[in-house]
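Accompanying notes for the structure given below.
Sequence lines set the chain letters: A, B, ... in the order given, protein chains first and strands last, and positions in each chain run from 1. The figures here come from the full heavy-atom set of this structure, side chains too, leaving out hydrogens, waters and symmetry mates.
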Amino acid sequence: MIQRARLSERYFARHADDVAVSLIGAVLLVNGAGGRIVETESYDPEDPASHSYLYRRTARNAVMFERPGLAYVYRSYGLHWCLNFVCHGGSAVLIRALEPVEGLRAMKRRRETRDPHKLCAGPGRLCQALAVDGSLNGASLLAKPFALFRRPGAVEIAAGPRIGISKAREAVRRFGEKDSPFLSRRFPPNA
DNA sequence: CGATAGATCGGCT
DNA sequence: GCCGATCTATCGC
């Protein structure tokens with residue numbers, strides 16, 4: 001890794017849309033395995049698709065209301081894990097895909113895949129590759145086992161509707177590195 | 001290719 | 001009970 005500027009709590013204490021955009025190209029490692037974030041989605045309490053909709057607190061989403069810079073990890077469809085970065089006031093950014101850079105061997109072993117394009121392309125796959133599970137829910141992103149580094153230079157950002165949701169489908173809150181082969185899905189041409 | 005079923009947990013109508 | 005911020009295998013064209 002060339003750029004080693006760590007992210008701070010203040011980095012996360014912004015509007016989730018801004019955090020989601022600036023995270024594209026940032027480096028995420030968990031116990032030394034990970035790579036460049038290439039796809040994110042933002043959620044907040046005004047958003048019908050969000051677990052924090054209308055500031056409704058439950059045992060599952062409690063971490064979203066604690067403080068910026070925490071990991072919110074939840075179980076999806078009963079079997080996958082999904083990793084979010086908690087932002088300001090009940091908002092969060094879902095980490096959907098990354099470009100594998102470090103710890104390839106460990107990630108391939110955990111995913112039982114050799115294709116680097118399928119290692120971390122999707123929130124569930126990403127968590128499996130990085131060994132993220134419920135035990136990391138509420139953990140600080142600024143300390144071990146996490147390591148987060150600011151994106152070194154400019155990246156070309158694409159935006160579009162989020163994936164796999166039934167509410168607020170129109171909202172443009174999915175962001176990614178345009179044309180990256182490591183996305184979970186390509187962005188629709190157009191906008 | 002695209003469509004679909006199934007796995008399986010927590011939160012809510 | 002039912003549905004979801006998912007993924008994989010397995011159909012059918």
field: Within 45° cone and under 6.0 Å: Arg150(A) NZ/CZ vs Tyr11(A) ring
entry: no

message: In terms of relative ring orientation, are Phe65(A) and Tyr55(A) parallel, tilted or perpendicular, with 30° and 60° separating the classes?
response: tilted

query: Crowded around Arg185(A) CZ? As in, over 12 foreign heavy atoms under 6.0 Å?
result: no

- request: Kindly say if Arg96(A) contacts the phosphate of dT6(C), meaning a side-chain N or O under 4.0 Å from OP1 or OP2.
  value: yes

message: Any base atoms under 4.0 Å from Arg174(A), or only sugar-phosphate, or nothing? Heavy atoms, all strands.
response: nothing

query: Rounding to the closest angstrom, what is the interatomic distance between dG10(B) and dT8(C) at atom C1'?
result: 22 Å

- prompt: Tell me, which of residues 125-139 of chain A have any heavy atom that sits under 4.0 Å from an atom in DNA chain B?
  reply: none

- request: Quickly work out the Arg162(A) CZ to dG4(C) C1' distance and round it to whole Å.
  value: 14 Å

- prompt: Distance between the P atoms of dA5(C) and dT13(B), in whole angstroms?
  reply: 14 Å

task: Kindly determine whether Arg75(A) and Asp133(A) satisfy salt bridge (Lys or Arg N to Asp or Glu O under 4.0 Å), including the steps that lead there.
output: CA-CA 8 Å; Arg75(A) 202 190 266 284; Asp133(A) 64 20; over 6 Å; no

task: Flag this pair as yes if the NZ/CZ of Arg10(A) is under 6.0 angstrom from the six-membered ring centre of Phe12(A) and inside a 45 degree cone about the axis; otherwise no.
output: no

query: Can you check whether Tyr72(A)'s main-chain N or O pairs, donor with acceptor, with Asn84(A)'s side chain at less than 3.5 Å?
result: yes

query: Of the residues in residues 75-93 of chain A, which ones touch DNA chain B at a heavy-atom distance under 4.0 Å?
result: Arg75(A), Tyr77(A), Gly78(A), Leu79(A)

query: Is there a donor-acceptor contact under 3.5 Å from the side chain of Thr40(A) to the main chain of Ala20(A)?
result: yes

- request: Please check if any side-chain donor atom of Ser180(A) sits under 3.5 Å from a side-chain acceptor atom of Glu99(A), or the reverse.
  value: no

Pairing nucleotide - dA7(B), Watson-Crick or G-U, each distance under 3.5 Å: dT6(C)

task: Could you list by number each residue of residues 50-71 of chain A showing a heavy-atom separation from DNA chain B of less than 4.0 Å, or answer none if no residue does?
output: Arg56(A), Thr58(A), Ala59(A), Arg60(A)

message: Pair Tyr74(A), His51(A) - check ring pair (Phe, Tyr, Trp, His ring centres under 6.0 Å), show working.
response: CA-CA 10 Å; Tyr74(A) 72 92; His51(A) 292 168; 4.6 Å; yes

task: Considering only atom P, compute the distance from dC2(C) to dA5(B) and round it to an integer number of Å.
output: 16 Å

message: Distance check needed: dC2(C) C1' versus Lys167(A) NZ, whole Å only.
response: 12 Å

message: Hydrogens and angles aside, do Ser52(A) and Asn61(A) bring a side-chain donor and acceptor to less than 3.5 Å of each other?
response: no

Nucleotide paired to dG2(B) in any strand shown, Watson-Crick or G-U, under 3.5 Å: dC11(C)

query: Is the NZ or CZ atom of Arg36(A) both under 6.0 Å from the centre of the six-membered ring of Phe149(A) and within 45° of that ring's axis?
result: no

field: Value in whole Å for how far the P atom of dA5(C) lies from OH of Tyr74(A)
entry: 7 Å

